[in-house]
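Encoded as structure tokens, the structure appears first; notes follow it.
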Protein chains: 2
Amino acid sequence: MPSKRRLNHDAVVEAAAELIDANPNQELTLAELARHLGVRTPSLYNHIGSLDELRQAVAVYGATALGDRLGNAAIGRSGASALAAIAWAYRDFAAARPGLHLATQRAPQADEVELARAAGVILDILRRVLEPFELSETEEIHAIRALRAMVHGFVSLEQAGGFGMPVDLDESFQYLVNMYLAHLAEDSGARVRKPG
Amino acid sequence: MPSKRRLNHDAVVEAAAELIDANPNQELTLAELARHLGVRTPSLYNHIGSLDELRQAVAVYGATALGDRLGNAAIGRSGASALAAIAWAYRDFAAARPGLHLATQRAPQADEVELARAAGVILDILRRVLEPFELSETEEIHAIRALRAMVHGFVSLEQAGGFGMPVDLDESFQYLVNMYLAHLAEDSGARVRKPG
DNA sequence: TTGCAAAACTACGGCCATTAGTTTATACTA
DNA sequence: TAGTATAAACTAATGGCCGTAGTTTTGCAA
């Protein structure tokens, strides 16, 4: 028997995240969320400004959760090992919270501040993990963009059911990660081997 | 002065594609499409079954257009040159028709037949272009998945505004393509160099 | 010229987001 | 412990959307 006065902003955002994880393909509605929370739709407006604002909050929530996971994955590792762990942690996150991962993609324009902060955390993690490879500033950005594109693309296609062939997806993902690490080792190794 | 009896299924689908290209971020509505076509919303139902069915038709239209572009890009090229041309053609397509590219992603479940056909065309193009590398069946699938993931991921992040750093995006894309081609050459080259 | 099929229309129902105004529960104060 | 203020719930209502039913109109074909 739920008493009144039990919701708050975070509880609504987390419930929305659960809802889209349960049904990643259909989009979030306030009506469905209210039903799920045992509340009338207008009551949600005591805690959120609008559906769009809620979507933004969910995106921030997802980006923060993702950053936590990636940061944890990198603890105690360095170099190629850390990069591989991060890549797999990203894929694990998307598998565990598919709706949240999707919601994090659709970038809203306004109120970028919080989302940018969450994205900045992830960027910092990647930068620190790439440090030992001693890339130039430009190369580092290329490398970060490449990693993000590869991992995000693979996971998105996988979740959309875009990979139909009967070959193990884990192996394909490992193939992709290996490609990235080999390229990085080659670039970095070439520089180390040719010091002056 | 538009006369009556001028719409048909293809015209509606193409108008929908134009509409989402003009506004890739907001989703397709029949009301807006009808306004754009100078027609009342129910009139559209003479040519489509439902909004969902229209979305599927737009996805098929987009996948077919993409397949055409990729096929054209590969004409007269082979090996690494063909792969690079295909990657760039994909990115060009997404830049030219951002809404159509997005619509092609969201894979509907039902009526997969037509979409599967369009996807099969693209798969065949990639397979034929990869032939000279003489990969095993499994390696070929890994290679196709990797290419799709990289290109799709880069383009998706680029269009979502996910790349904020001030470094040229063309160069980053080239970095990614080079990584792929180098990996492929190494694998293939290793096999050729070590024949027995 | 006339008839018919298809493509347009009007009218309507149901669901959704959102706003306005009201009631009620909880927490703080005395 | 009793009273009050605040905030969170509610009901009611609006306008937009998709989709259906039934009607009118158009353009082609006989």
Side-chain angles (χ1 to χ4, degrees), chain A residues 1-61 99 102-103 106-111, chain B residues 1-61 99 102-103 106-111:
Chain A
M1 184 65 56
S3 67
K4 275 200 174 182
R5 220 138 190 200
R6 61 216 154 72
L7 287 184
N8 56 47
H9 181 266
D10 286 0
V12 171
V13 172
E14 284 169 27
E18 285 172 21
L19 204 57
I20 57 179
D21 277 332
N23 273 26
N25 289 339
Q26 76 188 38
E27 62 179 315
L28 181 64
T29 69
L30 293 183
E32 180 68 22
L33 178 57
R35 275 191 290 269
H36 187 250
L37 286 169
V39 145
R40 301 289 188 172
T41 306
S43 303
L44 297 176
Y45 284 85
N46 287 314
H47 311 288
I48 62 171
S50 68
L51 175 59
D52 258 11
E53 204 177 293
L54 174 61
R55 289 209 177 104
Q56 288 183 9
V58 171
V60 172
Y61 177 79
L102 265 180
R106 320 220 180 97
Q109 283 83 332
D111 238 352
Chain B
M1 185 64 58
S3 66
K4 276 200 173 182
R5 220 137 188 202
R6 62 216 154 73
L7 287 184
N8 55 48
H9 181 266
D10 287 0
V12 171
V13 172
E14 284 168 27
E18 284 171 21
L19 204 56
I20 58 180
D21 277 332
N23 272 25
N25 289 338
Q26 78 189 37
E27 62 180 315
L28 181 63
T29 69
L30 293 184
E32 179 69 21
L33 178 58
R35 274 191 290 270
H36 186 251
L37 287 168
V39 146
R40 303 288 189 170
T41 305
S43 303
L44 297 176
Y45 284 85
N46 287 315
H47 310 288
I48 62 170
S50 69
L51 175 59
D52 258 11
E53 204 177 294
L54 175 61
R55 289 209 176 105
Q56 288 183 8
V58 171
V60 171
Y61 177 79
L102 265 180
R106 321 221 180 97
Q109 283 84 332
D111 239 350

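Side chains included, hydrogens not; waters and symmetry mates left out as well; all remaining heavy atoms used.
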Check the distance between D:dC18's P and A:Gln26's CD and give it to me in whole angstrom. 17 Å
Supply the atom-to-atom distance A:Leu28 CG to A:Leu30 CG, rounded to the nearest 0.5 angstrom. 6.5 Å
Nearest 0.5 Å, what's the CZ-OG1 distance between B:Arg35 and B:Thr29? 6.0 Å
With B:Glu14, which residues qualify under side chain to side chain donor-acceptor pair (under 3.5 Å), at least two apart? none
What is the separation between atom CG on A:Leu7 and atom C1' on C:dT24, rounded to the nearest whole Å? 16 Å
B:Leu44 CG to D:dT20 P, in whole Å, measures 13 Å
OP1 or OP2 of D:dT11 sitting under 4.0 Å from any side-chain N/O of A:Arg40? yes
Over how many whole Å does the gap from B:Asn8 atom CG to C:dA6 atom C1' extend? 13 Å
Would you indicate whether the side-chain heavy atoms of B:Arg6 and B:Val39 approach each other to under 4.5 Å? yes
Measuring to OP1 and OP2 of D:dA9, would you say a side-chain N or O of A:His47 lies under 4.0 angstrom away? yes
Dump every N/O contact between nucleotides 14-20 of chain C and the protein below 3.5 Å, one line per pair.
residue : atom : partner : partner atom : Å
C:dC16  : OP1  : A:Arg35 : NH2          : 3.3
C:dA17  : OP1  : A:Leu30 : N            : 2.6
C:dA17  : OP2  : A:Leu30 : N            : 3.3
C:dA17  : OP2  : A:Ala31 : N            : 2.7
C:dT18  : OP2  : A:Tyr45 : OH           : 2.5
C:dT18  : OP2  : A:Leu51 : N            : 2.8
C:dT18  : O5'  : A:Tyr45 : OH           : 2.8

Under-4.0 Å side-chain N/O to phosphate OP1/OP2 contact, B:Ser43 with C:dA7: no
Would a 4.5 Å heavy-atom cut-off, applied to side chains only, mark A:Val12 and A:Leu54 as touching? yes
Any donor-acceptor pair, under 3.5 Å, between the side chain of B:Asn46 and the base of C:dA6, if you only look at N and O atoms? no
Heavy-atom closest pair (A:Asn8 atom, A:His47 atom, distance to 0.1 Å) is CA-ND1, 3.5 Å
